[in-house]
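Written out below as structure tokens is the structure these notes cover.
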Amino acid sequence: MENARIAAVFEQVADILEILGENPFRIRSYRNAARTVGDMTGPLADMVAEGKDLTALPGIGEGLGGKVREILQSGTCETLQDLRRRLPPQVPDLLHVKGLGPKKVKVLYEQLGIKSLGDLKTAAEAGKIRDLEGMGAKTEQNILKGLATLEAEAGRIGIYEAARAVRALGRHLEDIGAVRRWQVAGSFRRRRETVGDLDVLVEASDRAKAAEAILTYQPIEDVIARGRQKVSVALAGGLQVDFRFIEAEAFGAAMMYFTGSKAHNIVLRKRARKRRLKLNEYGLFRGKRRAAGKTEEEVFKALDLPWIPPELREDRGEIAAADEGKLPKLVQRKDIRGDLHAHTTATDGANTPRQLAEAARKLGYKYLAITDHSKAVRVAGGLNAAALGRHAGRIRELDAHLDGFYLLAGVEVDILKDGRLDLPETLLGGLDWVVASIHSAFSLAQAEMTDRILAAVGSGVVHCLGHPFGRIIGRRDPIQFDVDRVFEACREAGVCLEINAYPDRLDLPDVYCKRAREMGVTMVISTDAHKIADLDLMQYGVSVARRGWLEKGDVLNTLSLSALRKRLKPS
Ligand code: DGT
Ligand code: CA
Ligand code: CA
Ligand code: ZN
């Protein structure tokens, strides 16, 4: 059995517990376990077969370890079966509608007997939801909107999952003799947040042999199409992969065509036509003669353009910028010198500050900020003033022993509903790095939300706004605030905006990175690590930054250690 199945069982347990209003700590432990299992690189089944100790895994104790074994044996666990007896099987699906939390789901089920997404749509369209307690016409509208989004997103998978699929597929393709070269194009290459399918271009020495070998890939569940040009398959879990066979002379042109985006391609084709050229997936043609096609560089060059990084190919002004020689020199993963958002065992993280610092050093980083939660986040065991004071003291002591490395004593302090910070400003003012984030009251009206954030930005003790929009991709909508006013205030106060690299968040989203850069705000790319392995998520934040046109100079944590110290020194 796959790890993903085990993780899914734990998620289902957590969902049902949440709707039933059970203990938040219990819910959290199932969610954490699901994350641990989902992130593992090797099969859990092997660990069990080898008699390894599951409790060594973060978030897995004796109880959950036993459940893993139970799921491996029976495909499910008794806890889930019991819970299912208390709630119809499709009710938890309602949680996937943006804006519907467990409390509302419970009301919908208990008062209107809504048992599925279909029931929900019928009830919302019939105007039955607006009269329920705690809901209104607005909620009803939001539910319909949420259902539409869910339909539009159906079948799309996150970039993190997609990357995992690409790595596994790549190992298979590398072993095929008839495959000379392969590359992933499409939205994956542009590093969108989610991808609809994977577009893989293959140069084969023998197409029939290559196709034959590709189709032996074990996760393939269904062959959708099989021809000389293209093989389409569906993998277990639903991801579709289109393999296209491309000749070497056309590989660059095909990469351009299938990388897209569609809108970017249209503008490029117009540009070709103006030069009496024709651009398609086979090359750039003057009449019947192929003027370019082997590499992307040569095609762009023949169009009088420099090569444009895939992340920019969204028709957001990149072709005009390239034409004028004004493409940004995009920030790269190797420019990143440290991570400025991480949680430890002091709150809801799995590792100690020392372990995280050592891991950060192994990545070649020069600094790491420890930013545990403040007390308002009760389910995470957030720290009160006294506990944070002690924690900061220990971090500084540790830092004193780390040569050439700066372990910043910080916090992720909650921005309360009224805009006050969750800890005294005198304490916060003495810390090295303060991230301020919203973890509650996500649905305030825009004006109140704007004031709330402006209060935090203007406090004088905050260095960075954490995950500014508070969204969880496919699950929780972004909060509403006056973006220009907040960004302007950040620029004035020298407060940074975080690009949270956690794949479910990717927050700031790309278009707002671009706006913030234009307004002169500095960004920070952080992983929000809850365990050592999370530090590797940095690349997903860097991709967002690149899609947002950011250069090295726009990102604070590209600074050298000494430059960072100087920048943070109280003026
Ligand atoms: P996705 O899969 O929904 O995440 O997004 P993409 O961008 O990967 O789109 P996909 O897989 O439908 O097609 C891959 C690329 O192929 C797309 O970005 C541009 C190109 N392409 C596909 N269909 C058309 C088309 O009708 N016209 C043009 N100009 N390009 C197309
Ligand atoms: Ca695609
Ligand atoms: Ca496709
Ligand atoms: Zn955090």
Side-chain angles (χ1 to χ4, degrees), residues 152-159 161-162 165-166 183-201 224 230 232 238-244 246 253-273 278-282 310-315 339-344 346-350 356 369-374 376-377 379-383 410-415 422 433-439 464-468 470 472 498-502 504-505 507 524 526-531 534-535 537 541 547:
E153 280 174 359
R156 295 192 73 80
I157 70 162
I159 185 77
E161 294 285 317
V166 167
Q183 296 256 291
V184 184
S187 51
F188 181 79
R189 184 164 178 241
R190 303 196 313 276
R191 294 293 186 266
R192 273 192 59 178
E193 300 164 349
T194 62
V195 306
D197 66 7
L198 292 177
D199 304 282
V200 183
L201 305 193
I224 300 162
K230 177 174 153 183
S232 286
L239 179 62
Q240 184 175 326
V241 188
D242 296 334
F243 298 92
R244 290 190 176 81
I246 311 290
M255 279 301 283
M256 281 174 70
Y257 183 88
F258 291 110
T259 295
S261 65
K262 213 175 270 189
H264 168 94
N265 285 354
I266 289 169
V267 180
L268 267 191
R269 269 204 305 271
K270 252 192 221 148
R271 185 179 177 96
R273 266 201 303 276
K278 190 170 170 244
L279 178 64
N280 58 31
E281 62 266 54
Y282 303 106
E311 294 93 332
L312 296 182
R313 301 184 196 171
E314 296 288 352
D315 188 25
D339 199 333
L340 293 170
H341 188 158
H343 297 266
T344 72
T347 59
D348 59 346
L356 284 173
I370 301 297
T371 55
D372 275 301
H373 284 293
S374 66
V377 190
V379 287
L383 305 174
V411 70
E412 179 179 18
V413 64
D414 257 55
I415 305 174
D422 187 30
W433 179 252
V434 176
V435 179
S437 308
I438 286 177
H439 291 114
C464 179
L465 280 183
H467 42 73
I472 310 284
E498 179 179 81
I499 300 172
N500 190 296
Y502 215 86
D504 287 348
R505 291 193 181 270
D507 177 11
V524 172
S526 303
T527 62
D528 200 351
H530 283 68
K531 56 180 181 299
D534 289 346
L535 293 171
L537 299 172
R547 288 179 55 81

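Start at 1 and go down the list; that is how both ligands and their atoms are numbered.
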Under 4.0 Å from any heavy atom of [X], which atoms of ligand 1 are there?
X: Arg190; value: 7 (O), 18 (O)
X: Arg269; value: 29 (N)
X: Gly196; value: 1 (P), 2 (O), 3 (O), 4 (O)
X: Asp197; value: 2 (O), 11 (O)
X: Thr259; value: 18 (O)
X: Arg156; value: 1 (P), 3 (O), 4 (O)
X: Gly186; value: 8 (O)

Applying a 4.0 Å heavy-atom criterion (strictly less than), which segment of Arg192 is in contact with ligand 1: side chain, backbone, both, or neither?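 Under 4.0 Å from ligand 1, Arg192 contributes no heavy atoms.
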Quick one: look at Phe188 and ligand 1, take heavy-atom pairs under 4.0 Å, and tell me if it's side chain, backbone, both or neither.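 No part of Phe188 is near ligand 1 at this cut-off.
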Heavy-atom nearest neighbour of [atom] within options [options]:
atom: atom 28 (C) of ligand 1; options: Arg313, Lys262, Glu314; answer: Lys262
atom: atom 4 (O) of ligand 1; options: Ala162, Ser187, Ser261; answer: Ser187
atom: atom 10 (P) of ligand 1; options: Val184, Val195, Asp199; answer: Asp199

What pair of heavy atoms forms the shortest contact from [X] to [Y], and how long is it?
X: His467; Y: Ile438; result: CE1-O, 3.6 Å
X: His439; Y: Val377; result: ND1-CG2, 3.7 Å
X: Leu356; Y: His343; result: CD1-O, 3.5 Å

What's the atom name of the N, O or S in Asp199 nearest to the Ca ion (ligand 2)?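 Among the N, O or S atoms of Asp199, the one closest to the Ca ion (ligand 2) is OD2.
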Can you tell me the N, O or S atom of Asp197 that's nearest the Ca ion (ligand 2)?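 The atom in question is OD1.
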Confirm or rule out an N/O/S atom of His530, from backbone or side chain, lying less than 2.8 Å from the Zn ion (ligand 4). no
Answer yes or no for His373: is there an N/O/S atom below the 2.8 Å cut-off from the Zn ion (ligand 4)?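 Given the 2.8 Å cut-off, His373 does not count as a ligand of the Zn ion (ligand 4).
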How long is the span from the [atom1] atom in [X] to the [atom2] atom in [Y], to the nearest 0.5 Å?
X: Arg189; Y: Met255; atom1: CZ; atom2: CE; answer: 3.5 Å
X: Thr527; Y: Leu537; atom1: OG1; atom2: CG; answer: 6.5 Å
X: Ser374; Y: Leu383; atom1: OG; atom2: CG; answer: 8.0 Å
X: Phe258; Y: Leu201; atom1: CZ; atom2: CG; answer: 6.5 Å

Does the ring of Phe188 carry Arg192 above it, NZ/CZ under 6.0 angstrom from centre and within 45° of its axis?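 Checked: cation-pi criterion not met.
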Show the numbers, then the answer: is there a side-chain hydrogen bond (donor to acceptor under 3.5 Å, both in side chains) between Asp348 and His530? CA-CA 7 Å; Asp348 59 346; His530 283 68; 3.2 Å; yes
With the Zn ion (ligand 4) as the point of reference, which N/O/S atom of Asp528 is the closest? OD1
For Glu412, what is the atom name of its N, O or S atom nearest to the Zn ion (ligand 4)? OE1
Do Arg313 and Met256 have side chains that get closer than 4.5 Å, going by heavy atoms? yes
So do Val524 and Trp433 actually touch side chain to side chain, heavy atoms under 4.5 Å? yes
